[in-house]
Amino acid sequence: MEIEAVRGRVSGLSWEQRFGLLLVAGVVVMILDVIRRLAVGELAFTTLSTFLWRGLVDGLLIGLAAVGLSMTYSILRFANFSHGDLVTTGAFTGWTTAWVIGGVGVTDIGTRLLINADGSSSARELDLQIFAEPLAIVGGLIVAAIGTILIALAIDRLVYRRMRTAGGIPLLIASVGVALALRYVIVFFYGERTRGVVRSSPRLEHPAIFWTESIVVHQFVLVVSAVILIVGLHLLLQYTKLGKAMRAMADNRDLALVTGIPTERVILATWVIGAGLTGVAGYLIVLEQETLNFNTGWFLLLLIFAAVILGGIGSIYGAITGGLIIGVADNLMLVWISGDLTRVAAFLLMILILIFRPQGLFGGVETA
Amino acid sequence: MLRVEGLDAGYGDLQVLYDVDLEVGNGEYVTVVGPNGAGKSTVMKSVFGLTTHMGGTVEFQGVEISGRRPEEIITHGIGYVPQNDNVFSSLTVRENLEMGAYILDEVPQDALEAVFDRFPILEERQDQKAGSMSGGQQQMVAMGRALMLDPDLLLLDEPSAGLAPDLVEDMFDRVDVVNEAGTAVLMVEQNAKEALRRCDRGYVLVQGRNRYEDDGETLLADEQVRRDFLGG
């Protein structure tokens with residue numbers, strides 16, 4: 001009798017709800033398993049906290065990059081496949097600046113301008129890390145934002161602006177072209193070589209304050225910068241006139257037009273903010289992984305899209321949350337599976353979301 | 001105040017309006033009725049610069065406004081409430097109203113107060129998301145947004161569309177309130193009888209051309225108009 005009742009209730013659920021239940025059940029089982037492993041000593045607490053911390057670091061980076069993608073999607077209405085290469089652009093412009101500033105008197109200007117394309121110097125020789133060269137690191141961060149903004153605006157002027165009303169698919173295809181062009185312009189100048197551009201981060205040890213044995217300063221800088229930017233973006237969107245107009249335009253572009261919102265100015269602001277955050281994300285990614293390559297952003301693009309889809313395409317808060325979920329899931333999966341397979345878990349999650357809840361975990365096109 | 005003469009307009013290559021004449025005086029309440037596909041909404045969009053201008057003139061307070069962009073036309077004192085999707089549903093009621101005054105440097109507090117006076121429920125619900133309100137209330141938000149710049153002329157595109165029948169009467173009352181406060185109204189309506197009863201003057205548009213033009217009451221009483229367009 002009771003089984004019948006339960007069956008009736010289950011068959012009354014939609015596929016979406018069943019998927020949700022399954023997902024929640026899966027997460028609960030995993031959390032219980034983590035607790036069990038901690039209890040029997042299979043998993044050290046420090047290992048778990050390291051996974052979580054690295055998840056937070058990766059998640060914030062992906063989230064920061066995903067915000068830019070989500071913004072251009074919700075306001076310009078197309079999936080920008082050149083977004084990954086804007087990440088790369090930020091990394092290259094920023095680290096060029098860091099090398100130019102940090103390498104004064106150490107190596108010649110040509111080597112610095114092309115970030116050691118000739119391999120004649122090294123990050124070690126420049127001692128490029130936050131304590132030794134704070135000016136270079138911070139200067140690079142600022143230029144990464146500005147450089148990416150300028151390049152994104154130039155691309156918008158040259159390509160996307162002419163196609164403003166062309167619809168999502170032509171714009172998407174154009175953006176693939178832009179992605180390739182941008183990537184190989186970078187290769188033209190900097191070459192294909194992967195290079196180490198930052199020294200290993202200094203560590204601070206202070207077991208009383210930090211939950212891990214030591215803290216990696218570069219990661220700490222990254223987390224603080226990302227959180228400041230995200231909070232700043234939130235304040236801008238919620239409380240400024242421009243932010244409200246951006247939400248209005250994401251919500252209903254035609255209505256924004258007849259309301260008298262200057263749509264081209266809002267689009268300009270969208271590129272400035274979106275590309276700025278993206279460039280910073282690219283710069284910080286390199287600060288964390290210490291190496292730089294012309295494919296750095298391209299390889300991240302799928303993860304960025306996964307974050308955006310997870311949070312609901314067009315939702316900025318969704319993109320950040322999506323990034324965090326992907327980052328944490330990607331790292332926490334190491335408890336059960338090893339190495340590259342964690343990516344499989346992240347993308348499997350993305351595919352399941354696309355099938356069962358295509359509007360994303362947090363619902364439709366909404367910037368707020 | 002608004003004078004449309006010999007207007008030809010449409011979308012891209014498709015011409016919808018042929019030689020349309022129309023006038024709205026200061027503070028006047030004018031409706032455009034006609035069968036589906038007659039180009040009623042297109043008249044309104046043409047005034048607001050949302051169609052392809054193909055000929056004729058649109059003059060507002062002596063200034064030629066045809067071919068100008070909506071964000072410019074707004075500054076001349078015309079407000080427009082589209083038929084569908086006419087609120088920013090993810091924004092709060094207050095934010096919707098603020099967007100109506102985007103072209104001003106600051107939100108005009110007196111205009112905001114005036115809108116709240118006309119539609120008190122909006123003040124009560126100002127922090128609620130517009131999308132979570134009922135159809136009638138959303139219509140108020142949309143009208144309120146268009147009134148934030150205190151326009152001389154308000155364009156209303158089928159305001160009764162999508163409203164429950166018992167709310168239609170309330171909607172017409174609200175248009176009366178707006179008009180009585182001195183704002184001229186140009187309204188397109190499918191609910192022709194009620195619209196003609198309320199307005200000062202009406203136009204019947206058929207296949208993109210003027211067919212009849214007269215006082216609302218006269219049109220309502222006209223045998224021909226009744227038989228052809230008002231269903232007896």
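In what follows, every chain begins at residue 1, and chains take the letters A, B, ... in the order their sequences are listed. For the numbers below, each heavy atom of this structure counts, side chains included, while hydrogens, waters and symmetry mates do not.
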**Request:** Give the minimum heavy-atom separation between A:A245 and B:Y102, together with the two atoms involved.
**Result:** CB-CE1, 3.4 Å
**Message:** Which one wins on heavy-atom pair count under 4.5 Å against chain B: A:D254, A:T263, A:L257?
**Reply:** A:L257
**Test log, rule side chain to side chain contact (heavy atoms under 4.5 Å, CB included), inputs B:E98 and A:K241** = CA-CA 9 Å; B:E98 287 174 9; A:K241 192 174 166 186; over 6 Å; no
**Message:** Please report the interatomic distance CZ(B:F88) to OG1(A:T259), rounded to the nearest 0.5 Å.
**Reply:** 4.0 Å
**Within-4.5 Å side-chain heavy-atom neighbours: A:I261 and B:E71** = no
**Request:** Can you tell which part of B:D105 gets under 4.5 Å to a heavy atom of chain A, answering side chain, backbone, both or neither?
**Result:** backbone
**Complete:** Greatest number of non-hydrogen atom pairs under 4.5 angstrom with chain A, of B:L50, B:T75, B:L91, falls to B:L91
**Message:** For the interface with chain A, which of B:V87, B:L149, B:I73, B:I103 has the highest count of heavy-atom pairs at distances below 4.5 Å?
**Reply:** B:V87
**Message:** Between A:V258 and B:N86, is there a side-chain heavy-atom distance shorter than 4.5 Å?
**Reply:** no
**B:R174 atom CZ, over 12 foreign heavy atoms within 6.0 Å** = yes
**Message:** Contact between B:S89 and A:D251 at the side-chain level, heavy atoms closer than 4.5 Å - yes or no?
**Reply:** yes
**Request:** Would you indicate whether B:R3, at its atom CZ, is surrounded by more than 12 heavy atoms from other residues, nucleotides or ligands within a distance under 6.0 Å?
**Result:** no
**Message:** Is B:L104 in contact with chain A via its backbone, its side chain, both, or neither, using a 4.5 Å heavy-atom distance?
**Reply:** backbone
**Message:** Can you confirm whether A:R164 is buried at CZ, in the sense that more than 12 heavy atoms of other residues, nucleotides or ligands lie under 6.0 Å from that atom?
**Reply:** yes
**A:N252 side chain vs B:D85 backbone, donor-acceptor pair below 3.5 Å** = yes
**Exercise: identify the closest heavy-atom pair between B:M99 and A:K244** = CE-CB, 3.3 Å
**Message:** Can you confirm whether more than 12 heavy atoms, excluding those of A:E264, are under 6.0 Å from its CD atom?
**Reply:** yes
**Item:** Atom CG of B:D173: over 12 foreign heavy atoms under 6.0 Å
**Value:** yes
**Request:** Walk me through it: do B:R145 and A:L255 pass the test side chain to side chain contact (heavy atoms under 4.5 Å, CB included)?
**Result:** CA-CA 11 Å; B:R145 193 195 56 248; A:L255 187 60; 3.4 Å; yes
